[in-house]
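Residue numbering restarts at 1 for every chain, and letters A, B, ... go by the order of the sequence lines. Keep in mind the model is a prediction, meaning the values are calculated, not measured.
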Amino acid sequence: MSNESAREGLDRRRFLKVVGIGGAGAAVVSGCSTAQVEKLVPYMVQSEDQVPGVPTWYASTCTECAAGCGLHVKTREGRAIKLEGNPAHPVNAGALCAHGQSALQGLYNPGRLQGPMARQADGSFTAVTWDEAIATLAAKLQAAGGKLAVISGAGRGTFTDLFQGWTAAQGGKFARYSAFSFEPLRAANQMTFGTPEVPHYDLARARYILSFGADFLDGSWLSPVETQRGFAESHGYRDGAMAKHVMFAPRMSLTGMNADEWHPPRPGSEAAIALAMANVLLTERGGNPADANALRGVLGPWTPERAQEESGVGAEIIRRVAREFASASPGLALAGGASGQHRSAVQTAAAVNLLNYVAGSVGQTVRFGADLDTGDGYGALLALLETVDRGEAQVAIVHEANPAYTLPRTAGFAAKFAKAGFKVSTSLVLDETAALCDLLLPNHHALERWDDSRPRRGVQGLMQPVMEPVFKTMATGDVLLKVAQKAGGALAQFTAPSYEAHLKAQWLKQLGTDAAWRQALANGGVYGDAPAAPVRLAASAAGAGFTAPAFDGDASPEAFYLLPTASVYGDGRFANRPWLLELSDPVTRITWHSWAELNPETAKRLDVREGEIVQLTSPHGTVEAPVYIFPGLHPEVVAVPLGLGHTSYGDWATGRGVNPLDLLGASDGQGFLPYLATRVTLTKTGRYKQVAKTEGTTRQLGRGIADAMTFAQAKQGMTPALAAAAEGHAHHEVNTEREVEAIEGFDAAQREARRHGEYANDHPMWGMVIDLARCTGCSSCITACYAENNIPFVGEADILRGREMTWMRIERYWEGGEDGEPLEARVVPMLCQHCDNAPCEPVCPVYAAYHTHDGLNGQVYNRCVGTRYCANNCPYKVRYYNWYAYTKTAFPEPLNLQLNPEVTVRARGVMEKCTFCVQRIRAAQHTARLEDRTLRDGDVVTACAQACPSGAIVFGNMKDPASRVTQAQGNHRGYHILEDLNVRPAVTYLAKVLHRVEA
Amino acid sequence: MRKLALLGAGSLLVALAAIAAGQGTSAAQQGPANTDTLPAWKLSVRDSAALKGPRQPVFFRHDIHVGVNKTPCQYCHYSVAESSEPGIPSMTTCMGCHLIVGGSDSSHQVEIKKVREAYNNSQPIEWVRVHTLARHVHFPHMRHIKVLGANACQTCHGDVGRMPQVYQVNNINNMGFCITCHNQRQVNRDCTVCHF
Amino acid sequence: MAAIAHESNHPTQTHHEVTRDVVNTLGTAGTGYFLLLAGAVGLFLVGVVTFVFLLKDGLGLAGYNPPAFWSVYITTFVFWVGIGHAGTLISAILFLFRSPWRTAVYRATEAMTVFAVMTAGLFPIIHIGRQWFFYWLLPYPNQRWLWPNFKSPLVWDVFAISTYLTVSTTFLCVGLVPDIAAARDMMKGWRSKVYGVFSLGWKGTQHQWQHYSRAYLYLAALATPLVLSVHSVVSWDFAMSIVPGWHGTIFAPYFVAGAIYSGVGMVFTLMIPLRKALKLEHMITEYHFDNLSKLTLLTGSILFYAYAMEYFIGWYSNNTYEQTAFWRRAFGPMWWGGWTMIICNAFVSQLFWFKKVRTNLTALFIISIFINIGMWFERYVIIASSLANDFLPYAWSQMRPTWADWGILAGSFGWFGMWFLLFARTFPVVAIQEIKEQIPMPRLRKGGH
Amino acid sequence: MARSVPGVLASFEHIDAACDAIQALRAQGRQDFTVYSAAPSHELEDALGITTSPVRLFTLIGGITGVCAGLGMTYWMSLDWPLLVGGKPIATVPPYVVFLFELMVLLGSLSTVAGVVILSLRRPTTGLAYDPKFSDDRIGIFVPCPAAEVGGVERMFRDAGSVEVRHAA
């Protein structure tokens, strides 16, 4: 990582609109046609921190969710081309999730508003100048006389402080809201511990993790990267130790897929289980916290048997898991999140709090004091909306929030919001809320502006503009200040000349010196530990309990519980990014559209097949979606993903899929949106839609692709083959001694016969190890790969033909789930294995696929004629073909500015595949050569390994005995997929380790 | 019959000769630099059309800057030793000298005036690219400079110090041009060294 | 003209009758012919238009569903290469075996061979992604210093197909020369002049015959292993890979037998209407069809055995990939294709045990259509179903052909039909001189030789 | 076109008659006469005493050249720029057998045809009298001879059983 430079001014980084050097990224392979005239445009003034052809890195902070991960932004010739995690950042420690990676597609999204716009009398929008826009807003504010309502989704930080102060100065009302606000957690913490804070959950230290409907690995739960990092740390097998993870939730989400045990309770009944467990702990275990005994009265009635009655989960299971939980210290029980947000969600969270408390986890793995930011919550938003509805807002401003979409239709946002006299949006795109507004003041993207964020106490992240704005947008901070100068009056106190100056002044108050400010910029912020704020049991904790939650709609057994799930598309804000639309859902592997999950038995009973479009009807509305049959679902539940069904959110999102919020009621006064609170009836429409999923067959058929072993076997140091043999299915072919001798002799002779030319010299041999015990299947590697390697998306129609271009894909297989066997999910990241004896190479007629001197399976795009024989002969099916000129459709202006100039953009008719990020290898070799040294371990990190929040991927030189990859290869859990083909892959997988229930 | 056979053999020969000629063109172009162009001190922009190479918006005289004034290449192409891109000089680099140097000849003064105007108007000069490498080739300038030294530029770009207007001496998009050198110097000619 | 019993080994016409009957087939043609030709050209144009779209938009238009990266185009390629095997087999191998019944049919089958290989030769170009770089497969000197990969079966293919095309064309043309001379001598006016050019000055002197006969023998001797090798090489496109269902040592003989089987099938399809249209029923008789049927029976039975062996080996190998591939071939999503190929090839060919079938031209014609369909499906099943179910179940997917597949398929039939129709009216479809060789010349004195 | 050669042209419908005539001509010591027939015939060959054609040498040389070219080309080109594929040796014979075989057949057959052409051109037929019936059902014999010998030759042909004897000037 080089050259993190802190720069004060932007003026010295001219963004080249007409890019000469290096080209505008679009290096298209097309024979040797260089006929057209190219222009070289020099800088007016050469900036010191930019060398053409050499990437410049800036530290920043991710704003895609409230977690505030640290970023390193790679720029080339004034364009941000890749986001990587900041290794020094305490939240993400260098990793970055798929949402964070995709921020670039937010930055360069063609759907972005290109400048300020005002609504005309006929209802259409016309472009205005910033001066006009600011003058309009200032005038409206002057006229409003304090009747102002602000909805802001921004994370905590200087901007929010400014915005809040700016609003308050005028006497306006302010609410901070984002869709997943974890209000039940706050309410439960208030109830049990007397504080509404969201604590820091330390999964890394936990030895036993219980999830009560908390989808903490599904990408939308509190701080996703940090959570996953911690989970991999504790649940990833290492040196004979590994935490156990048990999940109680009606659906096997990605979190459930990574659980050692998954038990589906009746929807809404998790609290009963948690209470029963706390009861078991309290009665059976000594050494409980002293004040926990006060809970005996509360927990007493909650026997496992009663919990079984309420939840349908066996009392024996509850008792056993409780005892295991008690014996593993420290443990951690988790609740909260959209999928568990039913009308008893507060009770669930409170019960889990009690369980943690009884187990002594509070203060250990549940640490108060961090105060994770989740906004003001749903209640605050509804209250604000009521004031607007009462006509108490002359001006309404919506910033980084899209309540017109994220609220159920029954909340009546559009009608209530319409009562505001003058409505302003700062949204970057014309989203549903912006479409209702009168004035659009598009904000800079986070990578184009100065800002900061305080995701939790002790962590202050800074953002700096890494490039010139793509469009004629303006940072909202600057808009606020300019409006203040224009409007005067109560706003006259905001005198900072620019938001940048304001921000710096605020930081200097804390940091003191300019040098410290520069240091903070280079580091991406200032990080420290959150002060611990120990909590004790509050008196109100006695109010914990469980009452079965109410559900709207048909109570008859023919109806289903509707479970809206959150994954790739988040709360809907990611639905306009092709990388994420094409990213197959980690659980169902579906792309580009909505679906309705049904349990196989339910589907059989109803006689519906995959792809049959069903109509789901609740008292509040109706949606239609094709069925996906999913074994990891409670039979009485139908699950529909959140985040699609936009009516206005750019070309890619608008009209795509359905929004399950249309089926929900708005509120019943608990202060949060109960996502899981509706029962729906299901009607077959008789129409079909082929489900655009990337999976073929869901079973491994005993082929040992995603191998696993039990914890006991791992502790004995068993190899996957031995473990499989112990399980009674030996899928690995064993050669006789003579065969082995012959094979080895032949192999040695072949190796000797290869030693010609460059192959006779000494070179590294690149290899990779993927630890399946750590991999959760989160798919951030896929998005990182898309970003690094200029991979085009192909769109839904071609996904239906299996033509996705995922150089790195996650294969998900099911094990068990039949004949009473527990359902087990296995994920395995599949990428080019860079086989030593690669079957793809000899079949290429033109040497476009060949083996490099450093052990890579080279793919020379400009030599490829496209016979596709290599792809046929690839046993791993990791070669991808440009059936059409995808690069022309996948990178419309200005998305093409994101293209990595170091990677050739592939033309139509060319085969492509994972290259082990050869451009990074070559760049590292260039650097080493310029510095007159040899490569060191860690000089080359592939994009996938870099992004992986679980740290499951290790890359390096297999010839270096000291390298991490060589050492990881020596692990007894190591195996090669399809080893019996003797293709000798360079990718070694380490078998997953499972805590299986002892018989 | 005989005629047919003769015709066949003849056309084969012609084809072979054509291939051989194609192979030879790069070598032919490499001939001695036109020593007689240098004394043409007073070439004006009107003469540039007759010169080899694309006409530039400003008739920049490499033969004067490099050949006469002995400006080192890296003075302007500043990043060639550290980056795959050699870099083209920023307008300030030009003005570093041309704030003072106004040109001795009227033909020079005209061109220098253009530079000054462009600088004053903050309007960068859009140079026409002479050497455009196909986009699927990654050529690390810095490694070549590292190994061959700072004055190795003319190995590929020819003696620009004798070119009033820069033109392509070698077809850098002929892969054979690269490979010949790599072969002679016994350096790696693996495909993924350049193509990825 | 005496009716001939089909048992007889020799034709009973006089030399003059032979020349007359064959040369009379040349020249003017009826409306039916031009309608057929127009149809063929029309189909060919469908293919051309499809190809233009493929060039413009990309191969995505065709129904490729990865993991099946090959489908209808390669299927049709192998189909036509297969068709192109009967001709040289009959003309070269049966020539070496001195099989008397080949003479009447070999010219037409040889022409069929050449045109089928010409058709097949288009497909490697059509099916690749960057058609305009096809020549990179050839070892020509270039400034990049690059050569093709001689370990790739596709380069073997290039050499095998182009050699086969060259040699079979040469073989056809060499055989044609004396017959064209005969046509030249029997015709009048400009036609005589045109044929005169193509006859290359052939006079039939004993010196010419001396070299010609020897050369023909050597050409036959060279063509014989070539026939067997070409489809072996094509089969190695598959057998050299590791795809379950492809990776079998049985493939070369299996494919060669299949090729001859399909080729003879196409011979039936073409010759039965042709002999009627050209009024050559007395020259191409049931005797010939009976023998061709026996050849079909032999190769069909070899196919039967190969199919059985494939499944047996799939099971016996105890290799899960092979077992799954063959299970899914028979009972998977493409079961219909798998059974079509078995019924049309293995079972239908067994009808030729019955002489009544062998000598009933209507039955033969219908069966030949089954053979054509069956052999196309054989290749489609081998390619599409094997690829669709290989090593990683996650990647499995089924083929769904599109209009672009059918357009090119139709175009290939049009292209083939166009050439064959043109040939049938332009050149003698029966080898005049070879038939004459079988008819003893009259003698002044009885007895003797 | 070259000037026509004077001589006698005889047509035969019967092969034994033609053979008799040939033997008679050979008995006269004539070597330069030309025999036409529509199909090759062993009887005529025997009568003429024709030996095996040297065209087989062309085939042999062409075939051997093909074998050498096939192996040499593949081996040399593999080593010219060594590229490793599938862990196989850089240059290796088994896959190259295909090329030596194909080139053997290709060059073998092309040189055979070339052989026929070259050998046939050694005995050009230009100027020799010819009759279109020779490619139909007649055997023709043309004897070039000066006008003085015409009568004798014509008589000899008639005696042998020729159906038509013509004097070509």
Colleague: Taking C:P393's backbone N and O only, do any of them form a donor-acceptor pair with A:R699's side chain (distance below 3.5 Å, no angle check)?
Modeller: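 No, A:R699 side chain to C:P393 backbone: no donor-acceptor pair under 3.5 Å.
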
Colleague: Check whether C:Y73 gets within reach of chain A through its side chain, its backbone, both or neither, counting any heavy atom under 4.5 Å.
Modeller: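 Neither part.
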
Colleague: For the residue pair C:W396 and A:T697, what are the closest heavy atoms and their distance?
Modeller: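 Nearest heavy atoms, C:W396 then A:T697: CE3-OG1, 3.1 Å.
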
Colleague: Please look at C:W147 and chain A and tell me whether the side chain, the backbone, both or neither of the residue comes under 4.5 angstrom of a heavy atom of that chain.
Modeller: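 For C:W147, backbone heavy atoms alone lie under 4.5 Å from chain A.
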
Colleague: Looking just at side-chain N and O atoms, do A:Y847 and C:S152 make a donor-acceptor pair shorter than 3.5 Å?
Modeller: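 Not at all, the side chains of A:Y847 and C:S152 share no donor-acceptor pair under 3.5 Å.
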
Colleague: Any luck finding a side-chain donor-acceptor pair between A:R809 and C:Y394 under 3.5 Å?
Modeller: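 There is no such pair (donor and acceptor under 3.5 Å, judged by atom type) between the side chains of A:R809 and C:Y394.
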
Colleague: Search all heavy atoms of C:R400 against all heavy atoms of A:L800 and return the closest pair with its distance.
Modeller: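 Here C:R400 and A:L800 meet closest at NH2-O, 3.0 Å.
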
Colleague: Go through the atoms of C:L54 and report whether side chain, backbone, both or neither lie under 4.5 Å from a heavy atom of chain A.
Modeller: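 Interface part for C:L54: backbone (N, CA, C, O).
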
Colleague: Would you say the side-chain atoms of A:N873 pair up with the backbone N or O of C:S241, donor to acceptor, closer than 3.5 Å?
Modeller: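 Judged by distance alone, no pair lies under 3.5 Å.
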
Colleague: Any idea which heavy atoms bring C:L392 and A:P875 closest together, and the distance?
Modeller: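 Heavy atoms of C:L392 and A:P875 come nearest at CG-O, 3.8 Å.
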
Colleague: Among C:F238, C:W156, C:W70, C:F69, exactly one meets ring-ring contact (aromatic ring centres under 6.0 Å, His included) together with A:Y869. Which residue is that?
Modeller: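 Testing each of C:F238, C:W156, C:W70, C:F69 against A:Y869, the sole residue satisfying ring-ring contact (aromatic ring centres under 6.0 Å, His included) is C:W70.
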
Colleague: A:Y813 versus chain C, heavy atoms under 4.5 Å apart: side chain, backbone, both or neither?
Modeller: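 The answer is the side chain of A:Y813.
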
Colleague: Minimum heavy-atom separation for A:R801 to C:T402, with atom names?
Modeller: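 Distance-wise, the nearest heavy atoms are NH2-CG2, 3.1 Å.
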
Colleague: Provide the closest heavy-atom pair for A:K877 versus C:A395 in the form atom of the first, atom of the second, distance.
Modeller: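 Reported closest heavy-atom pair: CB-CB, 3.9 Å.
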
Colleague: Please classify the contact between C:A388 and chain A as side chain, backbone, both or neither, with a heavy-atom cut-off of under 4.5 Å.
Modeller: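 For C:A388, there is no contact with chain A at all, as no heavy atom is under 4.5 Å.
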
Colleague: Does A:Y881 reach the main-chain N or O of C:L59 with its side chain, forming a donor-acceptor pair under 3.5 Å?
Modeller: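 Not at all, since once roles are kept as given, no pair shorter than 3.5 Å links the two residues.
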
Colleague: Are A:R868 and C:Y64 in a cation-pi contact, defined as NZ or CZ under 6.0 Å from the six-membered ring centre and within 45° of the axis?
Modeller: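 Output yes; distance and angle both within limits.
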
Colleague: Side chain, backbone, both or neither: which part of C:L61 has a non-hydrogen atom closer than 4.5 Å to chain A?
Modeller: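 Answer is both: backbone and side chain atoms of C:L61 are under 4.5 Å from chain A.
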
Colleague: Closest approach of C:V243 and A:N872, non-hydrogen atoms and distance?
Modeller: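 Residues C:V243 and A:N872, closest heavy atoms: CG2-O, 3.2 Å.
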
